[in-house]
Amino acid sequence: MLMLPEIVVIATAMAVLCVDLLIDEKRRVALAPLALAGLAVAFVATVLQYPAIGSDMFGGRYALDSVGWWFKLIFILATLLTVGISLDSLDGRGTVPSERLPARGEYYVAMLFTLSGMMFMVSARDLVMLYVSLELATIPLFALTAWRRDSLSGEAGLKYVIIGALGSAILLYGFSFFYGLTGETALSAISAKLTALTPAYILAAAMVTAGIGFKMTLVPSHMWAADVYQGAPTPVTAYLSVASKGAGLALMFQVFYRTMGHLVNDWTMVIAVVATATMTLGNLVAIVQQDIKRFMAFSSISQAGYLVMGFLGPAPEGVPAMLYYLLVYVVTNLAVFAVIIFHSNQTGSRNVEDYRGLSRTNPAMALAMMLALFSLAGIPPLAGFVGKFFLFSVAAKAGLNWLVAVAAVNSTISLYYYLRIVRQMYIEPAVAGATALRVTPAIACVTVFSVAATILTGVIPFFYELVHADTVKWLALVVR
Amino acid sequence: MLSAAVTTVLFFALLALAVAFAVATVLTRRIFRSAIYLMGTLATSAAFYVMLGAEFLAGVQILVYVGGIVVLIVFAVMLTSSGEMLEDHPSALRRFLGFVVAAGFCATTVFVCFLTEFKSVAADKAVHAGDAAAIGRKLLDRGAEGYVLPFEIISLLLLCVVIAAIVIARKTGAAAGSGAGAGEQG
Amino acid sequence: MIEFLASYEPGVVTWLMLPAVLFAIGIYGLLTRRNAVGILISAELAINSAAMNFVIFNRFITPAKVDGQVMSLFIIAAAAAEVVVGVAIFVMLFKHRRTMDVTRMDAMRR
Amino acid sequence: MGLVSWLILLPFITAMAVVLMPERLKHLIRWIAALGTGAHLLLTTVVTVEFWKLASADAASMGTARFTKLYLVEQVPWFKSLGISYLVGLDGISLCMVILTSIIIFTGVMASWTVKERGREFFALLLTLVTGVFGVFVSFDLFLFFVFYEIAVLPMYLLIGVWGTGPKEYSAMKLTLMLMAGSALILVGILALYHMSGLHTFDLMQLATVNYPVGFQKWVFPVVFIGFGVLGALYPFHTWSPDGHASAPTAVSMLHAGVLMKLGGYGALRIAVYLMPEGAKEWGLFFMGLTTINILYGSFGAIMQKDLKYFTAYSSVSHCGFVLFGVATLNLIGMKGAVIQMFSHGIMTGLFFGLIGMVYGRTHTRMIPEMGGLGKVMPWLTVTFFIGGLASLGLPGLSGFVAEIHVFLGGFFGNPWHSITAMRVLTILATMSIVVTAVYVLRGLGKVFMGPIEDKHFLELTDATIPEKISTGILVATLVVVGMAPWLIVNLVEPAVMPIVNRLNGMP
Amino acid sequence: MSPGWMPCGDSGARPMQHILDYEFVLRNAWLIPALPLVSFAIVGLFIRPRSAKLSGFVATAAVFASAVLAWILAAGYFRSAEGGHAALVPWSMEWLRFQENLSASVGVLVDPISVLLMVVVTTVSFLVHLYSIGYMHGDNGFGRFFTFLNLFTFSMLGLVVAPNIVQMYVCWELVGVSSFLLIGFYYEKPSAVAACKKAFIVTRFADLGFMIGVLILGYYGYSFFTGAGSTAVGQPFDFAYLTSPAFLEKFSQVATGVPGLTLITVAMVLVYMGAAGKSAMFPLHIWLPDAMEGPTPVSALIHAATMVVAGVYLVARMFPVFAASEQALMVVAGVGAFTSLFAAVIGCTQDDIKRVLAFSTLSQLGYMMFALGVSTVHEAAGYTASMFHLFTHAFFKALLFLGAGAVIHAVHENDIWKMGGLARKMPVTHATFLIATLSIAGIYPFAGFFSKDEILAAALYGGHPIIFGTGLLVAGLTAFYMWRIYFITFWGKARCEKAGHAHEAPVVMLVPLVVLAALSVVSGFVPFAEYVYLGEKPPHEGINMGVAVPGTIAGVLGIAIAWFLYAGDAGRASALVARMGGSYRHIRNKFYFDEIYIFVTKRVVFAFVAAPIAWFDRHVVDGGVNLTAWCTRTSGAVLRYLQTGQVQTYGAWFVTGVLFVTLILWKMFM
């Protein structure tokens, strides 16, 4: 059945909910394996859906295409890894009490529901479903942001809710014009009828772009991200920075390609400007950050800037490039967050300076962190480089060599601040009396997996080739 | 004819009322009143829905929006009032900026709407299908015209939100071990 | 006068003015209210106006169908969900801060 | 897996082997490093012999067609959808650079015999870096090239940052960022070249068959050339070099000045000039001007330096100027000279930095005025230092001369596209550096090694140890062999430069 | 010096005779430079660290072998080639290939002047080696000294036999560096360090000109060599080609753009700059007096007999090219004549015995130079004379230095005013020194007389009366200052304690003195013009009385004045000095050339070029880089203030963003 992965995810959520009700607190440790198992099944189910790519349900209102398939895989993977790095905080394995999170059953439920929302979103073929699943993918995150239930977490939640409400209002307003101009809700029908460039279309496009920008943290609707990422519980920050951003990209695919596909080629300049502003701003502000999560927020803002470069120009390679980069970004960023969580769980650290001497207190994690940061900075042969290269290649193909230059220089700037952490870890001596830091199995697994993926996806062409083979023709199918 | 005229008058009257309520909502210094004015705006909106032939939706608007959401907001107002019943005025700069942005947005939207020709796609304008049955069918239709899937999804959303909201807002302290009660309450 | 009134039927553009103005007012409120709940209220105004847009378009563009109304229905539901979470967070935060003034919600900045 | 792949893999395997060792087995770690690099030296010899056999067989049978031929090629598709493949091979220039690198890394490991702190990480990073360097020199796919290029640059940050001296963080950061900014430009160029060619391949040899539009070349050429120029210490993008070299530990300085800076010249020749001859014709004189500044500026700058490492670093700026100068002459002699200068300067500067490290390890100062009369207590180091110094001032019989005479002659011979008067004026200006070089080399070395002993403690210092003797001995021997028998390197380089010349001349 | 090696023709040992016959030596002429090279490598790498003594013997033996070969070669060459001494290249190989038709080879050129120089170099070198065994005895750097000497001998021989200009340049630099090493032999002495640096840098500066000259010649050589209608063989760098009429005819047509200045003049002046540097012509002379900081045998070998004549040799080697440009020749003659006078004047005032000899060398080199400058291709008497003087001068100047060395060795003092009365204590030294002094003063029948005579004759009959006059004056001055030191050193009483206890030098040092003294006497009688000439063989002329008489009178006059001033009462000299006042001081301070040079390098070049560049680099270029970093960081620090923490501000940006995007799209599409 085409919807099997979603159903598995929802069923897992329900199962977690029920089990959570039935067992007492001590045994709720089992919830994490349950959620992980469910996610693993969903992953496998998605993989098994591969032959079904191209088919649909509900009279075409729900469909699975190659891009969607990849998105779903990436979302499930991201969730899987996020659960993996969350469970220490939830089960209270860390040594620092302030990092503990309450209500693990509900936490997993909320996360799984969010995941299902994302998965529905990529399969949505009409505005209604797109909107509803987007809300499902977003609103639980507001709650997750405030999950730690302290002052900062609450403030982050408040900001997220307010900007989220604004964003969804603007997005909706834009959608309403899509509807008004065509009288259709099905995306393909809208696309087919939206031929004339009327003023309302332009306004709608702008509003929708801004609404997506909120999800994707594109300038100028990126500003919430820094505060929210900083305040949110660290695993949630990780999730926001990968899955939620991925959802934003999926939404962008749905809107830009599927709905306004014939226009997207003419949009190059807007995207170029937005991408430039996003990566530059993110990078420049990241330089001066002290708080590691806030730092990663700006880093991920700049990554979003790179990510949208795939939309430039009419090249079909943009699609696989973006998907691949998203995949890479997910594993890489999660590797970084795994280390951050590990470190804050062990030491309660918040700041970049707290990482001093990590290469002595835990060399393996320091190495993982360094590799992941280098991948984010786009250093070969790590996957981050390969991904960026393909994205830059899209921009170059579109003739935007200046943008390639800007992006490449930005990579250099980003290297500067990533190296700040590397410097703390490797060059600065450890604090006097620092002892070796132990890493928990879950974090270790996630870190090993992510770092291995970061290296292997870059070196082994298989992954990119697969994405490319699957999705390079997608654009031609969607945009007629 | 007279009824048509009355309708027209009513339209403009409601229009004025809606705008007045909305303006009052954002300008009043008492947050509780603001909630009440919001209720007014939403109610007038419901009236517009009736005028637009969406009677069912109007009902839902009254029930869910006015009866549910606003009530929730009123609760929130009560729970978060620390005796300061009057809200501080926003700073002049903020008001100015807010006005400029909002006015710019308004002007753009209005301008755009005037410039754009929205073409009806139906041959017969008279067809009126806004009854509850049609909507119900739509919501349960599994075919190409139906919205059964979003309907399911929204239920998931609501479920999830309720659970999450309880976790966030419950009274007990932040200690992880004490999350036991949350599920039962949900 | 009455003839005029009777013969006058507000067109789609006239109708669209209303949500446009409401939306803008909502935005204004969102950007200026200091109470977080007030902001949420303003946001509801804006979302409501977007929903209204759908109804208007439904009436004028595809009177034979009800897709716009259905969309509005979902918007109302989603707005409710948003408010629920929002209120929960506000209440929780209020416990910590004893205030709802968003201008003071800047423990994280720069 | 062919020989050339092993050239890349061997250091990497060694690095991994070092990583897997427990930290406390310090001796074992450096023995592994030494054995690995020693084995690499042997491997390089084997490769050289193999190359020589194949090349001479072709020289007899193929005539001029052999110029564009690569040897020991290995090609495996990598990212097929973009036409990226793992394409490695050797031509004369590559082989030359591989030999250079192999020598430098072996001697570098020997010179780092005394690294005490965190030796495991040190050798692992050093060997990783060198993996990248070998990769760059043998890869003929632009993507692969770029991958290795960055691998070669980045470990420098840690190597300087952790094991360096002085303002090491600052220097390391400056170095890394400037080089990365340069590589950003290269990336822009590579992508532009790829897309403009329409061939859907990153294969350098195939791209070299494309005649890019002149307008396109006009802007891409300077971008790429400057990108490589940053690493080649092109004025005014050279300032990472003095600080970086001064702060780096011995082996890193050796490798960096000796090999890494050559990547710049190599890339400028291989990619910028080879792929964009029209751009080169447009910009050649401009870059000749810049590199002339380099040459003079570096040597004048060196006169005033008090710190031996700054002194050598400025001298490197000057000498690397010769490399890019030679490239910018756009004729056979000049470009050949550039390659030979890369080799020669690599060995020479490697020797310098190695020796500075050894001297510093004994005197604990690098300030020239604080030293004096060391020749009495450390004759071996003195002699080798002087030979290095003489090579750097272009003394015939040592390799520096072979390179410099080529470069000067190349500059003087001019090319059909630039004003010959201007080229000659620049060449003569560049020639003046031989005097200035003599001034600073003799001033510096004279102060350090000759004259009365400055500090009584110096009398207790010892001469070179066995690893140090091996290390410096190999380098000196290379300088002498190349200087005395230049045909060895000239015959290697000339066929490899021919295709570039032919392309400039519009011949296939 | 095993006797078995000595007899080269009449020994009974057949194989030896076979090996050492002319044909063999000619074929293997490369052995002559190669032997010292091999010895250099072996001694330097293997023997020196183990046994100092052995290294001395091996080095000496190698040079001796070279000398033997050189003599055989010379004997065979000058005897065999009756109908004109052809230039032969018995051995060469491609060394440095620049491109098609342009490569530099290494090889051995055998022609009269190279054979001549080979003989001179190997002989003097051998004698100096021998002498040094005694002189350097007990020195810490004994082995090192011989290593360097061998290196020098190789380089010099390589220079001499160079068949092309690149090999010439290569060896030119190598002799420079050997000179550097040997001047700085006592590297712990700051003055020696300064001197060796000075010598190297000054000659290096001169070599810059040579280098540019080589570039010019290389370019045009290559162009004309490969140009249409060229039938040249060999390589463009070959002297054979560069001096060929085919090349010169075309090359002399190349203009520089400056009216009246042809490129050939520029090129040859540049090449001459190199020659002038090496031969210490004014104003590049300043290094040579300081070079006396080296051990005395070095001064004898390098800074008197051989290396410094390399400049003369270069001009001689390229004489046809110089001759193709009248202006270049004028420069050669003018600079030579001026230097000879200038140095002679300074030489009269110096107190350091070696410095006087150094200025004397300068003066004599100037002689050789102007002798070349006054010749032309057709009237090449000066060319022959120059070479002749080179030949004789090598012997008597080496002898003077070695003699001075013996004196210094005995007295441990360089200042002539602290010596005195050594004639009796060191009879052999005295006798040989006297011979040399007579020779340099140009007194018949000593060698100097003949060569000086020919030079003066060439100047006079070449139509250069001013130069002739200068030469005559210099001859007088030379006699004066040489006899001045002779009288002060050997006559009178010992002026210090050490001089009182001086002893005769050991035999190993005396043998070279005696041999050189013999050569200083007999070498004048060599029928030089038979062997070394340009173009047609000139008719043999005897002693030209018109020149010989004034020359001898000048010499005798000089001796007489010296005798008058210094042989007896020293008060006469000081009275004269007092009379001369300021001008004497200027002369004694060498006209302040050292000071000027130091001023120019330290105060002008270092202070106004190098220091500003270093400053500029640190503060402007590097400052620019830091500024970029600062700007980046600061913009980050400023932009972070956008992040106010006020959620409504974020909202305002959000909405503004919508409007902004709308605006862009509107602009683009409407």
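Naming convention: chains lettered A, B, ... in sequence-line order (proteins, then strands); numbering from 1 in each chain. Below, each value reflects all heavy atoms present in this structure, side chains not excepted, and no hydrogens, waters or symmetry copies.
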Portion of C:F54 that has a non-hydrogen atom of chain A nearer than 4.5 angstrom
both
For a side-chain hydrogen bond (donor to acceptor under 3.5 Å, both in side chains) check, start with the C-alpha distance between C:R34 and C:T103, then their side-chain angles and the critical distance, and finish with the verdict.
CA-CA 6 Å; C:R34 293 179 71 162; C:T103 57; 3.2 Å; yes
Quick check on A:S151 against chain C: is it the side chain, the backbone, both or neither that has a heavy atom closer than 4.5 Å?
both
Measure distances from C:A78 to the heavy atoms of chain A and classify the residue's part below 4.5 Å as side chain, backbone, both or neither.
both
For the backbone of A:D126 and the side chain of A:R61, can you confirm whether one donor and one acceptor N or O come within less than 3.5 Å of each other?
no
Interface moiety of C:I47 toward chain A, non-hydrogen atoms closer than 4.5 Å
both
Between atom OG1 of A:T114 and atom CD of A:E135, what is the distance when rounded to the nearest 0.5 Å?
12.0 Å
Less than 4.5 Å to any heavy atom of chain C: does that hold for the side chain of A:F175, its backbone, both, or neither?
both
Using non-hydrogen atoms and a 4.5 Å limit, figure out which bit of C:V12 sits close to chain A: side chain, backbone, both or neither.
neither
May I ask you to name which of A:D227, A:V288, A:L171 has the most heavy-atom pairs under 4.5 Å with chain C?
A:D227
As an exercise: rank C:V102, C:D67, C:V83, C:I56 by heavy-atom pairs under 4.5 Å with chain A and give me the winner.
C:D67
Quick one: what part of A:V128 sits under 4.5 Å from any heavy atom of chain C, side chain, backbone, both or neither?
both
To the nearest 0.5 Å, tell me how far A:R125 CZ sits from A:S123 OG.
6.0 Å
With a 3.5 Å cut-off and no angle check, do the side chains of A:Y179 and C:T62 form a donor-acceptor pair?
yes
Distance (rounded to the nearest 0.5 Å) between C:M92 CE and C:K95 NZ
8.0 Å
C:M105 portion near chain A, given a 4.5 angstrom heavy-atom threshold
both
Flag the one option from C:N48, C:L93, C:I39 with the top tally of heavy-atom pairs under 4.5 Å to chain A.
C:L93
Non-hydrogen atoms of chain C under 4.5 Å away: do they reach the side chain of A:I170, the backbone, both or neither?
both
Please identify, among A:F177, A:F298, A:Y160, the residue contributing the most non-hydrogen atom pairs under 4.5 Å to chain C.
A:F177
Main-chain N/O of A:H222 paired to A:T217 side chain as donor or acceptor, under 3.5 Å
no
The interface call for A:T145 against chain C, heavy-atom contacts under 4.5 Å, is neither
Heavy atoms only, distances under 4.5 angstrom: which of A:S176, A:G164, A:A169, A:G154 has the most pairs with chain C? Name it, please.
A:S176
Considering only heavy atoms, which portion of C:I75 lies under 4.5 Å from any heavy atom of chain A: side chain, backbone, both, or neither?
both
For the aromatic rings, using the six-membered ring if either is Trp, is the centroid distance between A:Y417 and A:F295 under 6.0 Å?
yes
Run the numbers on A:S349 and A:D354 for side-chain hydrogen bond (donor to acceptor under 3.5 Å, both in side chains), then give the verdict.
CA-CA 6 Å; A:S349 70; A:D354 295 334; 4.5 Å; no
Could you tell me if the ring centre of C:F74 sits under 6.0 Å from that of A:Y131?
no
Side chain, backbone, both or neither: which part of C:N58 has a heavy atom under 4.5 Å from chain A?
both
Across all chains, not counting sequence neighbours, the salt bridge (Lys or Arg N to Asp or Glu O under 4.0 Å) partners of C:R97 are A:E155
Below 4.5 Å from any heavy atom of chain C, which atoms of A:Q230 appear? Answer side chain, backbone, both or neither.
both
Against chain A, work out which of C:V84, C:V85, C:L73, C:L40 has the most heavy-atom pairs shorter than 4.5 Å and name it.
C:V85
Of the backbone (N, CA, C, O) and the side chain (C-beta and beyond), which part of C:A20 lies under 4.5 Å from a heavy atom of chain A, both, or neither?
both
Is A:S299 reaching over with its side chain to a backbone N or O of A:G282, donor-acceptor style, under 3.5 angstrom?
no
Given a strict heavy-atom distance threshold of 4.5 Å, which part of A:A226 is in contact with chain C: side chain, backbone, both, or neither?
neither
Is there side-chain contact between A:P235 and A:Y107, with heavy atoms separated by less than 4.5 Å?
yes
Side chain, backbone, both or neither: which part of A:Q290 has a heavy atom under 4.5 Å from chain C?
neither
